[in-house]
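As C-alpha coordinates, the structure follows; a few thoughts come after it.
Because the structure is predicted, anything quoted here is derived from the model rather than measured.
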Amino acid sequence: MFKHIDAYAGDPILSLVETFLQDPRPNKVNLGIGLYYDEDGRIPLLDVVKRTEIALAAAGLTRSYLPMEGLAAYRETVQRLVFGADRAAARDKRIVTVQTIGGSGALKVGADLLKRYFPDSGIWVSDPTWDNHRSMFDGAGIAVHDYPYYDPKSGGVRFAEMLATISSLPERSIVLLHPCCHNPTGVDLSQDQWRELFPVLIKKRLIPYFDMAYQGYGDGIDEDAWAVRALADAGGNFFVGNSFSKSLSLYGERCGALSVVCPDQAQADLLLGQLKFTVRRNYSSPPTHGGLIVSRILGDAASTAEWQAEVAKMRERIKAMRRSLHEVISARLPGRDFGYFLNQRGMFSYTGLSPAQVDTLREQHAVYLVNSGRICVAGLNLKNVAYVAEAMAAVM
(Lines give C-alpha, C1' and ligand atoms only; values in the text may rest on other atoms or scores of the structure.)
Protein backbone atom coordinates (compact mmCIF):
# COMPACT_ATOMS: atom_id res chain seq x y z
CA MET A 1 0.00 0.00 0.00
CA PHE A 2 2.65 2.55 1.00
CA LYS A 3 5.88 1.35 -0.61
CA HIS A 4 5.78 4.20 -3.14
CA ILE A 5 6.15 6.79 -0.34
CA ASP A 6 9.52 8.56 -0.22
CA ALA A 7 11.70 8.22 2.85
CA TYR A 8 11.89 11.36 4.98
CA ALA A 9 15.45 12.65 5.14
CA GLY A 10 14.78 14.20 8.54
CA ASP A 11 14.98 17.75 9.77
CA PRO A 12 18.66 18.77 9.85
CA ILE A 13 18.42 20.48 13.25
CA LEU A 14 16.31 17.85 14.99
CA SER A 15 18.44 15.07 13.50
CA LEU A 16 21.51 16.82 14.90
CA VAL A 17 19.91 16.77 18.35
CA GLU A 18 19.39 13.01 18.09
CA THR A 19 23.05 12.51 17.20
CA PHE A 20 24.09 14.77 20.08
CA LEU A 21 22.03 12.78 22.59
CA GLN A 22 23.73 9.55 21.50
CA ASP A 23 27.23 11.04 21.88
CA PRO A 24 28.84 9.55 25.04
CA ARG A 25 31.54 12.24 25.39
CA PRO A 26 31.11 14.18 28.67
CA ASN A 27 32.34 17.49 27.23
CA LYS A 28 29.80 17.64 24.40
CA VAL A 29 28.06 20.96 23.70
CA ASN A 30 24.86 21.43 21.67
CA LEU A 31 24.73 24.78 19.87
CA GLY A 32 22.43 23.60 17.09
CA ILE A 33 18.82 23.92 18.19
CA GLY A 34 17.27 27.30 18.98
CA LEU A 35 16.46 26.84 22.66
CA TYR A 36 17.35 29.12 25.54
CA TYR A 37 19.37 27.35 28.22
CA ASP A 38 20.26 28.89 31.58
CA GLU A 39 23.72 28.95 33.18
CA ASP A 40 23.26 25.33 34.29
CA GLY A 41 22.37 24.15 30.80
CA ARG A 42 18.67 23.73 31.53
CA ILE A 43 15.57 25.13 29.83
CA PRO A 44 14.24 27.42 32.56
CA LEU A 45 10.76 27.50 34.03
CA LEU A 46 10.21 31.19 34.64
CA ASP A 47 9.12 32.13 38.16
CA VAL A 48 6.17 34.14 36.88
CA VAL A 49 5.03 31.18 34.76
CA LYS A 50 5.30 28.78 37.70
CA ARG A 51 3.16 30.99 39.95
CA THR A 52 0.60 31.51 37.20
CA GLU A 53 0.27 27.77 36.62
CA ILE A 54 -0.24 27.16 40.35
CA ALA A 55 -3.01 29.78 40.36
CA LEU A 56 -4.62 28.22 37.29
CA ALA A 57 -4.57 24.76 38.88
CA ALA A 58 -6.14 26.14 42.05
CA ALA A 59 -8.89 27.83 40.05
CA GLY A 60 -10.06 24.46 38.72
CA LEU A 61 -11.09 25.80 35.34
CA THR A 62 -12.89 23.57 32.87
CA ARG A 63 -11.03 22.44 29.75
CA SER A 64 -13.58 23.12 27.06
CA TYR A 65 -12.62 23.93 23.48
CA LEU A 66 -11.52 27.44 22.73
CA PRO A 67 -13.13 29.35 19.83
CA MET A 68 -11.42 28.89 16.47
CA GLU A 69 -9.76 32.30 16.82
CA GLY A 70 -8.56 31.52 20.34
CA LEU A 71 -8.93 33.04 23.78
CA ALA A 72 -10.17 36.64 23.64
CA ALA A 73 -7.90 37.82 26.47
CA TYR A 74 -4.90 36.21 24.78
CA ARG A 75 -5.60 37.95 21.50
CA GLU A 76 -5.98 41.32 23.21
CA THR A 77 -2.71 40.99 25.12
CA VAL A 78 -0.88 39.87 21.97
CA GLN A 79 -2.02 43.01 20.15
CA ARG A 80 -0.77 45.24 22.96
CA LEU A 81 2.56 43.42 23.12
CA VAL A 82 3.20 43.42 19.36
CA PHE A 83 1.77 46.79 18.38
CA GLY A 84 2.00 48.81 21.61
CA ALA A 85 -0.60 49.93 24.09
CA ASP A 86 -2.05 52.80 22.06
CA ARG A 87 -1.71 52.51 18.28
CA ALA A 88 -4.00 54.10 15.75
CA ALA A 89 -4.49 50.83 13.86
CA ALA A 90 -5.73 49.13 17.03
CA ARG A 91 -8.04 52.04 17.96
CA ASP A 92 -9.52 51.93 14.47
CA LYS A 93 -10.05 48.15 14.81
CA ARG A 94 -7.91 47.51 11.74
CA ILE A 95 -5.86 44.75 13.38
CA VAL A 96 -7.16 41.21 13.54
CA THR A 97 -5.42 38.58 15.68
CA VAL A 98 -5.89 34.83 16.07
CA GLN A 99 -4.23 32.51 18.56
CA THR A 100 -2.17 29.83 16.81
CA ILE A 101 -0.25 26.67 17.59
CA GLY A 102 3.12 28.34 18.07
CA GLY A 103 4.88 30.59 15.60
CA SER A 104 4.86 27.77 13.06
CA GLY A 105 1.08 27.64 13.29
CA ALA A 106 0.97 31.35 12.52
CA LEU A 107 3.05 30.75 9.39
CA LYS A 108 0.87 27.82 8.32
CA VAL A 109 -2.44 29.64 8.78
CA GLY A 110 -1.13 32.75 7.03
CA ALA A 111 0.36 30.76 4.16
CA ASP A 112 -2.87 28.85 3.55
CA LEU A 113 -4.94 32.03 3.55
CA LEU A 114 -2.53 33.84 1.21
CA LYS A 115 -2.52 30.92 -1.22
CA ARG A 116 -6.31 30.97 -1.31
CA TYR A 117 -6.77 34.70 -1.90
CA PHE A 118 -3.50 35.54 -3.70
CA PRO A 119 -3.00 32.32 -5.67
CA ASP A 120 -0.45 33.76 -8.10
CA SER A 121 1.73 35.47 -5.50
CA GLY A 122 5.17 34.11 -4.70
CA ILE A 123 7.07 34.71 -1.50
CA TRP A 124 10.57 36.17 -1.18
CA VAL A 125 12.64 35.18 1.85
CA SER A 126 16.05 36.41 2.99
CA ASP A 127 19.18 34.59 1.86
CA PRO A 128 19.67 32.84 4.25
CA THR A 129 16.55 32.31 6.35
CA TRP A 130 15.18 29.70 8.75
CA ASP A 131 14.85 26.50 6.71
CA ASN A 132 11.27 25.92 7.80
CA HIS A 133 10.18 29.21 6.20
CA ARG A 134 10.76 27.60 2.84
CA SER A 135 9.04 24.37 3.84
CA MET A 136 5.95 26.05 5.25
CA PHE A 137 5.23 28.25 2.24
CA ASP A 138 6.28 25.64 -0.29
CA GLY A 139 3.94 23.20 1.47
CA ALA A 140 1.10 25.68 1.00
CA GLY A 141 1.80 25.72 -2.74
CA ILE A 142 3.47 29.14 -2.79
CA ALA A 143 6.60 29.55 -4.95
CA VAL A 144 9.57 30.51 -2.74
CA HIS A 145 12.33 32.86 -3.93
CA ASP A 146 15.30 34.62 -2.30
CA TYR A 147 16.24 38.24 -1.84
CA PRO A 148 19.87 39.18 -1.02
CA TYR A 149 20.52 39.63 2.67
CA TYR A 150 23.66 38.45 4.47
CA ASP A 151 27.12 39.60 3.40
CA PRO A 152 29.74 37.11 4.65
CA LYS A 153 32.57 39.53 3.84
CA SER A 154 31.34 42.42 5.97
CA GLY A 155 29.16 40.46 8.38
CA GLY A 156 26.37 42.92 7.59
CA VAL A 157 23.36 43.21 5.30
CA ARG A 158 23.54 43.53 1.51
CA PHE A 159 20.96 46.26 1.87
CA ALA A 160 21.35 47.98 -1.51
CA GLU A 161 20.87 44.65 -3.30
CA MET A 162 18.02 43.68 -0.99
CA LEU A 163 16.23 46.97 -1.65
CA ALA A 164 16.77 46.71 -5.40
CA THR A 165 15.36 43.18 -5.51
CA ILE A 166 12.29 44.03 -3.43
CA SER A 167 11.72 47.16 -5.53
CA SER A 168 11.52 44.97 -8.65
CA LEU A 169 8.97 42.47 -7.34
CA PRO A 170 5.54 42.10 -8.93
CA GLU A 171 2.61 43.70 -7.13
CA ARG A 172 1.13 41.55 -4.33
CA SER A 173 4.34 39.58 -3.88
CA ILE A 174 4.83 38.36 -0.30
CA VAL A 175 8.04 39.46 1.46
CA LEU A 176 9.08 37.59 4.59
CA LEU A 177 10.91 39.85 7.05
CA HIS A 178 12.58 39.37 10.44
CA PRO A 179 11.84 42.43 12.62
CA CYS A 180 14.50 41.47 15.18
CA CYS A 181 17.10 38.80 15.96
CA HIS A 182 17.36 37.49 12.39
CA ASN A 183 17.37 33.71 12.17
CA PRO A 184 19.95 32.38 11.35
CA THR A 185 22.44 35.26 11.07
CA GLY A 186 21.65 37.52 14.02
CA VAL A 187 22.14 40.49 11.67
CA ASP A 188 19.26 42.98 11.68
CA LEU A 189 18.33 46.01 9.61
CA SER A 190 18.92 49.40 11.22
CA GLN A 191 15.99 51.75 11.81
CA ASP A 192 17.21 53.92 8.94
CA GLN A 193 17.23 50.91 6.62
CA TRP A 194 13.71 49.99 7.69
CA ARG A 195 12.63 53.57 6.93
CA GLU A 196 14.02 53.19 3.42
CA LEU A 197 12.28 49.86 2.92
CA PHE A 198 8.79 50.82 4.14
CA PRO A 199 7.87 53.20 1.26
CA VAL A 200 8.91 50.53 -1.25
CA LEU A 201 6.69 47.92 0.41
CA ILE A 202 3.72 50.31 0.44
CA LYS A 203 4.19 51.88 -3.00
CA LYS A 204 4.71 48.51 -4.70
CA ARG A 205 1.60 47.10 -2.97
CA LEU A 206 3.59 44.18 -1.59
CA ILE A 207 2.50 41.93 1.27
CA PRO A 208 5.04 42.06 4.11
CA TYR A 209 5.02 39.06 6.45
CA PHE A 210 6.92 39.60 9.70
CA ASP A 211 8.06 36.54 11.64
CA MET A 212 8.80 37.73 15.19
CA ALA A 213 9.79 34.71 17.26
CA TYR A 214 12.41 36.38 19.47
CA GLN A 215 10.82 39.57 20.78
CA GLY A 216 12.78 40.65 23.84
CA TYR A 217 16.01 38.85 23.00
CA GLY A 218 17.55 41.70 20.98
CA ASP A 219 17.30 45.06 22.76
CA GLY A 220 14.02 44.83 24.66
CA ILE A 221 10.32 44.01 24.31
CA ASP A 222 9.33 47.38 22.83
CA GLU A 223 12.59 48.00 20.99
CA ASP A 224 12.41 44.65 19.14
CA ALA A 225 8.89 45.44 17.87
CA TRP A 226 9.95 48.81 16.43
CA ALA A 227 9.78 47.78 12.76
CA VAL A 228 6.31 46.26 13.15
CA ARG A 229 4.93 49.32 14.93
CA ALA A 230 6.61 51.76 12.55
CA LEU A 231 5.14 50.07 9.47
CA ALA A 232 1.68 50.10 11.07
CA ASP A 233 2.07 53.81 11.79
CA ALA A 234 3.23 54.37 8.19
CA GLY A 235 -0.03 52.92 6.88
CA GLY A 236 1.23 49.51 5.82
CA ASN A 237 -0.98 46.43 5.54
CA PHE A 238 0.85 43.29 6.58
CA PHE A 239 0.99 40.01 8.48
CA VAL A 240 2.82 39.40 11.79
CA GLY A 241 3.44 35.99 13.33
CA ASN A 242 4.77 35.96 16.89
CA SER A 243 5.64 33.31 19.46
CA PHE A 244 6.07 32.98 23.23
CA SER A 245 8.20 29.85 23.04
CA LYS A 246 11.44 31.72 23.76
CA SER A 247 10.33 34.81 25.66
CA LEU A 248 8.22 32.87 28.17
CA SER A 249 10.12 29.58 27.81
CA LEU A 250 6.85 27.87 26.84
CA TYR A 251 8.19 25.77 23.97
CA GLY A 252 5.93 22.75 24.40
CA GLU A 253 2.78 24.77 25.08
CA ARG A 254 2.81 26.06 21.46
CA CYS A 255 1.78 29.65 22.16
CA GLY A 256 1.74 31.76 19.02
CA ALA A 257 -0.43 34.28 17.21
CA LEU A 258 -1.05 35.69 13.78
CA SER A 259 -2.02 39.34 13.40
CA VAL A 260 -2.93 41.20 10.22
CA VAL A 261 -3.04 44.98 9.84
CA CYS A 262 -5.83 45.87 7.39
CA PRO A 263 -6.89 49.08 5.59
CA ASP A 264 -10.14 49.39 7.58
CA GLN A 265 -12.38 47.60 10.08
CA ALA A 266 -14.66 46.13 7.42
CA GLN A 267 -11.76 44.32 5.75
CA ALA A 268 -10.45 43.23 9.16
CA ASP A 269 -13.83 41.63 9.89
CA LEU A 270 -13.73 39.77 6.58
CA LEU A 271 -10.21 38.58 7.25
CA LEU A 272 -11.06 37.34 10.75
CA GLY A 273 -13.82 35.17 9.32
CA GLN A 274 -11.50 33.56 6.79
CA LEU A 275 -8.70 33.13 9.35
CA LYS A 276 -11.17 31.27 11.56
CA PHE A 277 -12.16 29.08 8.61
CA THR A 278 -8.48 28.39 7.85
CA VAL A 279 -7.91 27.35 11.47
CA ARG A 280 -11.00 25.13 11.35
CA ARG A 281 -9.62 23.32 8.30
CA ASN A 282 -6.25 22.79 9.99
CA TYR A 283 -6.59 22.05 13.71
CA SER A 284 -10.03 23.42 14.62
CA SER A 285 -8.98 25.42 17.70
CA PRO A 286 -5.80 26.26 19.63
CA PRO A 287 -4.75 24.78 23.01
CA THR A 288 -6.11 26.30 26.20
CA HIS A 289 -3.40 25.96 28.85
CA GLY A 290 -0.65 28.05 27.25
CA GLY A 291 -3.14 30.68 26.18
CA LEU A 292 -4.34 31.09 29.77
CA ILE A 293 -0.76 31.41 31.04
CA VAL A 294 0.13 34.12 28.54
CA SER A 295 -3.10 36.10 28.93
CA ARG A 296 -2.87 36.08 32.75
CA ILE A 297 0.75 37.21 32.81
CA LEU A 298 0.36 39.91 30.16
CA GLY A 299 -3.01 40.96 31.55
CA ASP A 300 -1.54 41.84 34.95
CA ALA A 301 0.83 44.80 35.26
CA ALA A 302 2.92 43.34 38.09
CA SER A 303 3.29 39.96 36.36
CA THR A 304 4.19 41.66 33.09
CA ALA A 305 6.91 43.68 34.79
CA GLU A 306 8.31 40.55 36.45
CA TRP A 307 8.28 38.73 33.11
CA GLN A 308 10.08 41.55 31.37
CA ALA A 309 12.75 41.50 34.10
CA GLU A 310 13.25 37.76 33.56
CA VAL A 311 13.54 38.27 29.80
CA ALA A 312 16.10 41.01 30.41
CA LYS A 313 18.22 38.59 32.45
CA MET A 314 18.10 36.03 29.63
CA ARG A 315 18.98 38.69 27.07
CA GLU A 316 21.92 39.97 29.11
CA ARG A 317 23.24 36.45 29.68
CA ILE A 318 23.29 35.87 25.92
CA LYS A 319 25.17 39.14 25.43
CA ALA A 320 27.68 38.11 28.10
CA MET A 321 28.30 34.83 26.27
CA ARG A 322 28.89 36.77 23.05
CA ARG A 323 31.49 38.89 24.81
CA SER A 324 33.23 35.85 26.30
CA LEU A 325 33.29 34.03 22.96
CA HIS A 326 34.69 37.10 21.24
CA GLU A 327 37.35 37.61 23.91
CA VAL A 328 38.74 34.06 23.79
CA ILE A 329 38.72 33.69 19.99
CA SER A 330 40.26 37.13 19.49
CA ALA A 331 43.06 36.22 21.90
CA ARG A 332 43.69 32.90 20.15
CA LEU A 333 43.65 34.40 16.64
CA PRO A 334 45.04 37.93 16.92
CA GLY A 335 44.84 40.11 13.86
CA ARG A 336 41.44 38.78 12.79
CA ASP A 337 38.25 40.75 13.31
CA PHE A 338 35.58 38.86 15.24
CA GLY A 339 33.51 41.93 16.00
CA TYR A 340 30.50 40.32 14.34
CA PHE A 341 29.99 38.20 17.45
CA LEU A 342 29.27 41.42 19.34
CA ASN A 343 27.21 43.13 16.64
CA GLN A 344 24.81 40.27 15.94
CA ARG A 345 21.67 40.17 18.07
CA GLY A 346 19.52 37.54 19.69
CA MET A 347 20.02 33.83 20.15
CA PHE A 348 21.90 33.12 16.94
CA SER A 349 25.25 33.98 15.48
CA TYR A 350 26.79 33.25 12.09
CA THR A 351 30.33 32.11 12.84
CA GLY A 352 31.71 32.00 9.30
CA LEU A 353 32.64 28.33 9.75
CA SER A 354 32.44 26.11 6.67
CA PRO A 355 30.59 22.77 6.63
CA ALA A 356 33.96 20.99 6.77
CA GLN A 357 34.96 22.98 9.85
CA VAL A 358 31.58 22.24 11.43
CA ASP A 359 32.19 18.52 10.86
CA THR A 360 35.63 18.78 12.49
CA LEU A 361 34.15 20.56 15.49
CA ARG A 362 31.62 17.80 15.97
CA GLU A 363 33.94 14.86 15.34
CA GLN A 364 37.04 16.06 17.18
CA HIS A 365 35.66 18.41 19.84
CA ALA A 366 32.04 17.24 20.45
CA VAL A 367 30.75 20.74 19.65
CA TYR A 368 27.53 20.51 17.64
CA LEU A 369 26.25 23.19 15.29
CA VAL A 370 24.37 23.19 11.98
CA ASN A 371 26.24 23.03 8.67
CA SER A 372 25.68 26.72 7.92
CA GLY A 373 27.94 27.59 10.84
CA ARG A 374 25.08 29.09 12.84
CA ILE A 375 25.35 28.69 16.59
CA CYS A 376 22.75 29.15 19.29
CA VAL A 377 24.59 31.47 21.67
CA ALA A 378 22.12 30.60 24.43
CA GLY A 379 23.68 27.10 24.53
CA LEU A 380 26.88 28.62 25.94
CA ASN A 381 27.56 29.10 29.64
CA LEU A 382 30.47 29.90 31.93
CA LYS A 383 31.41 26.20 32.09
CA ASN A 384 31.70 25.63 28.33
CA VAL A 385 32.23 28.97 26.57
CA ALA A 386 36.03 28.93 26.82
CA TYR A 387 36.15 25.32 25.61
CA VAL A 388 33.89 26.10 22.66
CA ALA A 389 35.88 29.21 21.76
CA GLU A 390 39.17 27.28 21.88
CA ALA A 391 37.65 24.52 19.71
CA MET A 392 36.35 27.03 17.18
CA ALA A 393 39.70 28.79 17.03
CA ALA A 394 41.38 25.45 16.45
CA VAL A 395 39.40 24.77 13.27
CA MET A 396 39.41 28.32 11.88
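Heavy atoms only, all atoms of each residue included: T97 and A257 are closest at CG2-CB, 4.2 Å. In this structure, S303 and V48 approach most closely via the heavy-atom pair O-CG2, 3.8 Å. G379 and L31 make their closest contact through C-CD2, 3.6 Å (heavy atoms, listed as atom of the first residue, atom of the second, distance). Closest approach of T278 to D112, counting heavy atoms only: CG2-CB, 3.7 Å. Taking both residues in full, the closest heavy atoms of P128 and H182 are given as O-CE1, 3.3 Å, listed atom of the first, atom of the second, then distance. When all heavy atoms of T165 and P148 are compared, the closest pair comes out as OG1-CD, 3.2 Å.
Taking 4.0 Å as the cut-off between side-chain N and carboxylate O, D233 and R229 do not count as a salt-bridged pair. A salt bridge is absent between D47 and K50: the closest approach of a Lys/Arg side-chain nitrogen to an acidic carboxylate oxygen does not fall below 4.0 angstrom. Salt bridge annotation for D138-R134: absent, with no cationic side-chain nitrogen under 4.0 angstrom from a carboxylate oxygen. Checked for salt-bridge contact, E390 and R332 meet the test: a charged N lies under 4.0 Å from a carboxylate O. A salt bridge does not link D151 to K153: none of the charged nitrogens lies less than 4.0 Å from a carboxylate oxygen. With respect to the salt-bridge test (charged N to carboxylate O, under 4.0 angstrom), the residues D86 and R91 qualify. Between R362 and D359, at least one side-chain nitrogen of the basic residue sits less than 4.0 Å from a carboxylate oxygen of the acidic one, meeting the salt-bridge criterion.
Q344 contributes no side-chain N or O that, together with a main-chain N or O of F341, makes up a donor-acceptor pair within less than 3.5 Å. With D23 contributing its side chain and R25 its backbone, the two residues share a donor-acceptor pair below 3.5 Å. In terms of modelled atom types and a separation under 3.5 Å, the side chain of S121 and the main chain of R172 share a donor-acceptor contact. When atom types are taken as modelled, the side chain of R75 and the backbone of S259 share no donor-acceptor pair closer than 3.5 angstrom. At least one donor-acceptor pair closer than 3.5 Å links the side chain of Q357 to the backbone N or O of V395. Proximity of a side-chain donor or acceptor of D40 to a complementary backbone N or O of R42 within less than 3.5 Å is not detected. In this structure a side-chain-to-backbone donor-acceptor pair under 3.5 Å is present from T351 to G373. A donor-acceptor distance shorter than 3.5 angstrom exists from the side chain of D224 to the backbone of Y217, with no hydrogens or angles considered. Between the side chain of N384 and the main chain of L380, no donor-acceptor pair closer than 3.5 Å is present. Checking side-chain atoms of E53 against main-chain N and O of I293 turns up no donor-acceptor pair under 3.5 Å.
Using cut-offs of 30° and 60° for the angle between ring planes, the H133 and W130 rings count as perpendicular.
Taken to the nearest 0.5 Å, the OG atom of S167 stands 4.5 Å off from the CG atom of L163. Considering SG of C255 and CZ of F244, their distance stands at 7.5 Å, rounded to 0.5 Å. The CD atom of Q267 lies 11.5 Å from the CD atom of Q265; values are rounded to the nearest 0.5 Å. Atom SG of C262 is separated from atom CZ of R94 by 8.5 Å, given to the nearest 0.5 angstrom. Here the CG-CG distance, from D264 to D92, works out to 10.0 Å after rounding to the nearest 0.5 Å. Here the CG-NE2 distance, from D127 to H145, works out to 14.0 Å after rounding to the nearest 0.5 Å.
Within the 4.5 Å cutoff, side-chain heavy atoms of I329 are placed close to those of L325. Using a 4.5 Å heavy-atom threshold, the side chains of V175 and I207 count as separate. L275 has its side chain out of reach of E69: every pair of non-hydrogen atoms, C-beta onward, lies at least 4.5 Å apart. Between V377 and F348, every side-chain heavy-atom pair lies at or beyond the 4.5 Å cut-off. Two residues are said to be in side-chain contact when any heavy atoms from C-beta on lie closer than 4.5 Å; L107 and F137 meet this criterion. Using a 4.5 Å cut-off on side-chain heavy atoms (C-beta onward), I297 and V294 make no contact. Side-chain contact between Y36 and I43 is absent, with no heavy-atom pair separated by less than 4.5 Å. Proximity of F239 to L114: side-chain heavy atoms (C-beta onward) are separated by under 4.5 Å at one or more points.
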Step-by-step side-chain hydrogen bond (donor to acceptor under 3.5 Å, both in side chains) determination, N183 to R374: CA-CA 9 Å; N183 182 6; R374 184 201 80 174; 3.0 Å; yes
Test side chain to side chain contact (heavy atoms under 4.5 Å, CB included) applied to E253 and L248, step by step: CA-CA 10 Å; E253 298 298 343; L248 271 163; over 6 Å; no
V328 and Y387: CA distance, side-chain angles, deciding distance, side chain to side chain contact (heavy atoms under 4.5 Å, CB included) verdict: CA-CA 9 Å; V328 175; Y387 171 75; over 6 Å; no
Evaluation steps, side chain to side chain contact (heavy atoms under 4.5 Å, CB included), between E161 and Y147: CA-CA 8 Å; E161 296 170 68; Y147 60 79; over 6 Å; no
M392/L361 under side chain to side chain contact (heavy atoms under 4.5 Å, CB included): CA gap, chis, key distance, verdict: CA-CA 7 Å; M392 289 173 60; L361 267 182; 4.0 Å; yes
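Q79 and R87 share no donor-acceptor pair across their side chains, judged by distance under 3.5 Å alone.
Other residues, nucleotides and ligands place more than 12 heavy atoms under 6.0 Å from the CD atom of Q308. Shown here is R280, whose CZ atom has no more than 12 heavy atoms of other residues, nucleotides or ligands within 6.0 Å.
Cluster annotation: L169 and L176 are assigned to distinct hydrophobic clusters (Ile/Leu/Val/Met/Phe/Trp/Tyr, side-chain heavy-atom contacts under 4.5 Å, transitive).
A cation-pi contact, defined as under 6.0 Å to the ring centre and within 45° of the axis, is absent between K246 and Y251. Under the 6.0 Å distance and 45° angle rule, R281 counts as a cation-pi partner of F277.
Taking the ring centroids of H178 and F210, they lie at or beyond the 6.0 Å cut-off. F159 and Y149 have their aromatic ring centers separated by at least 6.0 angstrom. Separation of the Y350 and Y150 ring centroids falls under the 6.0 Å cut-off.
Partner of S245 under the side chain to side chain donor-acceptor pair (under 3.5 Å) criterion, chosen from S249, S247, S243: S243.
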